Participant: 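Got a structure for you, written out below as structure tokens; questions coming shortly.
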There are 2 protein chains.
Amino acid sequence: MAGHELPLLLLGGFRQLIDEMHRRLAERGHPDLRPAIGFAVQAISHGATTASDLGRATGVSKQAASKTVDQLLSMGYVETVPDERDARRKALRLTARGVDLVTLSGAVLDDLRAEWVAVAGESAVGTLETTLRLLAGREGVRTDTAGWLVAESG
Amino acid sequence: MAGHELPLLLLGGFRQLIDEMHRRLAERGHPDLRPAIGFAVQAISHGATTASDLGRATGVSKQAASKTVDQLLSMGYVETVPDERDARRKALRLTARGVDLVTLSGAVLDDLRAEWVAVAGESAVGTLETTLRLLAGREGVRTDTAGWLVAESG
DNA sequence: GCAGATCGTCAACCTAGTTGACCATTGAGT
DNA sequence: ACTCAATGGTCAACTAGGTTGACGATCTGC
């Protein structure tokens, strides 16, 4: 098997998953999503508590993360609460809508995985996951991807 | 297995492959590459003969493709030759350097695949490929990804 | 109490797309 | 032969999402 197929297949799989997820989320009350939004909300639900923090979690500058936070605020996915212990910080908290997005996203991805299993079989999908975790999960998966595709890599 | 891991694993695998490929290509005389450049050169070597054509092949507007062609020209990867049959067209042709890039990329990706096989085994990598081809290759893999990650999807 | 780190923000800039308009050229149909 | 729609390339204005650098305000270790 020629190696040049590998990246295209991985990218194709990723795209298909994300495109379909967004299609379904749009149907369920979350239109106008982009991967960057999803990654950010995910990072916040996993513990990123400030814009700077989000920047570190997603691999972008705090200034860029701050712009993303502005979007999340205007889209109603997060809200800020002043930190009583540190007046510099604006703590981020998911709104009910933000929590709904995280919950729905997880459910949709579970569905999509189940559909892959229905087509390819549990063992094939399981092997795919195990293999990628072994090969690509070595240093954890970073989600600062929008910029990465565009900027120089390395 | 939770579905939310799947896209991250696929993206992580893609990133790792492309990052490492660019690192090695930089060592071998092709620095300053970005995924968009590689995709474009690949598309041209696979038959895209004009900027408009390249745009169609990579899923972007002809104007955007034209900007990419400008880069490829200035980086010395392609050259244009006037089309004698159609005075509107500027036919694209890979230079020796462009051909070298395509050849090297293929070799590097073959190496990387072999390294994955060494770590995970031929059957695991083969299953990964077969599975993704089945699931994600249904409508062919598009490479207009830089813009896609950023713009709305669907 | 001071020095240095950190949080948020402003400003200028870069890159890679987009749409719309336009001209030159081609080719199909009458 | 002529018109007219389609196509190739280009210009201009705009958008999105990043970057770096600078800065004031605040916190923390010593």
Side-chain angles (χ1 to χ4, degrees), chain A residues 15 32-41 43-44 48-75 78-93 142-154, chain B residues 32-41 43-44 47-75 78-93 142-154:
Chain A
R15 271 201 70 148
D32 303 323
L33 252 34
R34 283 163 307 98
I37 303 280
F39 285 142
V41 170
I44 292 167
T49 55
T50 66
S52 291
D53 215 9
L54 176 61
R56 278 187 293 271
T58 56
V60 301
S61 65
K62 61 180 181 176
Q63 294 93 328
S66 180
K67 290 184 189 178
T68 304
V69 167
D70 286 344
Q71 287 194 8
L72 295 176
L73 287 169
S74 76
M75 295 175 90
V78 305
E79 58 192 0
T80 56
V81 285
D83 186 323
E84 291 161 4
R85 300 192 173 180
D86 187 337
R88 293 169 305 176
R89 302 185 139 223
K90 292 179 167 182
L92 299 174
R93 195 167 52 191
R142 295 169 60 198
T143 54
D144 61 331
T145 313
W148 158 77
L149 261 178
V150 163
E152 63 263 343
S153 45
Chain B
D32 303 323
L33 252 34
R34 284 163 307 98
I37 303 280
F39 285 140
V41 171
I44 292 168
T49 56
T50 66
S52 291
D53 216 8
L54 177 61
R56 280 187 292 270
T58 56
V60 302
S61 64
K62 61 180 181 177
Q63 294 92 328
S66 181
K67 291 184 190 180
T68 304
V69 168
D70 286 344
Q71 287 194 6
L72 295 176
L73 287 170
S74 76
M75 295 174 90
V78 304
E79 57 191 359
T80 56
V81 285
D83 186 323
E84 292 161 5
R85 300 193 174 178
D86 188 336
R88 293 169 305 179
R89 302 185 139 224
K90 291 179 168 183
L92 299 173
R93 194 167 54 190
R142 295 169 61 197
T143 55
D144 61 331
T145 313
W148 160 77
L149 259 177
V150 163
E152 64 263 345
S153 44

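Model, not experiment: these values are computed from the prediction. Below, read A as the first sequence line, B as the second, and so on, with proteins coming before strands; counting in each chain starts at 1.
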Participant: From CZ of B/Arg34 over to C1' of C/dT15, roughly how many Å is that when rounded to an integer?
Facilitator: 8 Å

Participant: Tell me whether the side-chain N/O atoms of B/Thr50 come closer than 4.0 Å to OP1 or OP2 in D/dG9.
Facilitator: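 It does, given that an N or O in the side chain of B/Thr50 lies less than 4.0 Å from OP1 or OP2 of D/dG9.
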
Participant: Looking at every heavy atom in both B/Ala51 and B/Ser66, which two are closest together, and how far apart are they?
Facilitator: CB-CA, 4.2 Å

Participant: Taking donor-acceptor contacts at under 3.5 Å, does the side chain of A/Gln71 reach the base of D/dG17?
Facilitator: no

Participant: Mind calculating the distance between CG (A/Asp70) and P (C/dC7) to the nearest angstrom?
Facilitator: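 Distance check: A/Asp70 CG to C/dC7 P gives 17 Å.
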
Participant: How far does CZ of A/Arg93 sit from OG1 of A/Thr80, to the nearest 0.5 angstrom?
Facilitator: 9.5 Å

Participant: Are side-chain heavy atoms of B/Ile44 and B/Leu72 found at a separation under 4.5 Å?
Facilitator: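 A side-chain contact exists here, since the closest heavy-atom pair is under 4.5 Å.
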
Participant: Mind checking the CE-CG spacing from B/Met75 to B/Asp32? Nearest 0.5 Å is all I need.
Facilitator: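 With rounding to 0.5 Å, CE (B/Met75) is 5.5 Å from CG (B/Asp32).
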
Participant: Counting runs of three or more consecutive pairs, Watson-Crick or G-U wobble, with each distance below 3.5 Å, where are the stems of DNA chain D?
Facilitator: C:1-30 with D:1-30

Participant: A/Lys62 side chain: which of C/dG8, C/dG17, D/dT19 is closest?
Facilitator: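 For A/Lys62, the side-chain atoms sit closest to C/dG8.
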
Participant: Apply side-chain contact (heavy atoms from CB on, under 4.5 Å) to B/Gln63 and list each qualifying residue two or more places apart in sequence or on a separate chain.
Facilitator: B/Ser61

Participant: Can you figure out which of C/dG8, D/dG18, D/dG8 approaches the side chain of A/Thr68 most closely?
Facilitator: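 Per side-chain heavy atoms of A/Thr68, the pick is D/dG18.
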
Participant: Strictly below 4.0 Å: does B/Ser66 bring a side-chain N or O up to OP1 or OP2 of D/dT10?
Facilitator: yes

Participant: Can you find a side chain N or O atom of B/Arg56 that sits less than 4.0 Å from OP1 or OP2 on D/dG8?
Facilitator: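 So the side chain of B/Arg56 is within the cut-off, an N or O lying under 4.0 Å from OP1 or OP2 of D/dG8.
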
Participant: Where do B/Arg89 and B/Thr49 land on the side chain to side chain contact (heavy atoms under 4.5 Å, CB included) test, with the steps shown first?
Facilitator: CA-CA 9 Å; B/Arg89 302 185 139 224; B/Thr49 56; 3.8 Å; yes

Participant: Is there a donor N/O on one and an acceptor N/O on the other, under 3.5 Å, for the side chain of B/Gln63 and the base of D/dG8?
Facilitator: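 Donor-acceptor pair under 3.5 Å: no.
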
Participant: Can you check each nucleotide of nucleotides 24-30 of chain D against protein heavy atoms at under 4.0 Å and return B for base, S for sugar-phosphate only, - for none, in 5' to 3' order?
Facilitator: -BBS---

Participant: How long is the gap from CG on B/Leu92 to CG on B/Asp83, to the nearest 0.5 Å?
Facilitator: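 These two atoms lie 11.0 Å from each other.
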
Participant: Does A/Ala64 reach a base, just sugar-phosphate, or nothing at all? Heavy atoms under 4.0 Å.
Facilitator: base

Participant: Between C/dT18, C/dT9, D/dT20, spot the one nearest the side chain of B/Lys67, thanks.
Facilitator: C/dT18

Participant: Within the pair A/Ser61 and D/dT19, is there a side-chain N or O less than 4.0 Å away from OP1 or OP2?
Facilitator: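 For D/dT19, OP1/OP2 do have a side-chain N/O of A/Ser61 under 4.0 Å.
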
Participant: Output the rounded distance in Å from CG (B/Asp32) to P (C/dA16).
Facilitator: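 Answer to the nearest Å: 11 Å.
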
Participant: Please state how far atom CG in B/Asp53 lies from atom P in D/dA6, giving the value in whole angstrom units.
Facilitator: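 That distance rounds to 19 Å.
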
Participant: Could you give me the CA-CA distance, side-chain angles and deciding distance for A/Thr58 and A/Thr68, then say whether side chain to side chain contact (heavy atoms under 4.5 Å, CB included) is met?
Facilitator: CA-CA 11 Å; A/Thr58 56; A/Thr68 304; over 6 Å; no

Participant: Answer yes or no: is there an ion pair linking B/Asp53 with B/Arg56, defined by an N-O contact shorter than 4.0 Å?
Facilitator: yes

Participant: Check the distance between D/dA6's P and B/Arg89's CZ and give it to me in whole angstrom.
Facilitator: 17 Å

Participant: Examine C/dT9: is either OP1 or OP2 under 4.0 Å from a nitrogen or oxygen in the side chain of A/Lys90? Give yes or no.
Facilitator: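 Answer is yes, contact under 4.0 Å.
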
Participant: Should A/Arg88 and A/Asp86 be marked as a salt bridge (Lys or Arg N to Asp or Glu O under 4.0 Å) after you check the CA-CA gap, both sets of side-chain angles, and the distance that decides it?
Facilitator: CA-CA 5 Å; A/Arg88 293 169 305 176; A/Asp86 187 337; 2.7 Å; yes

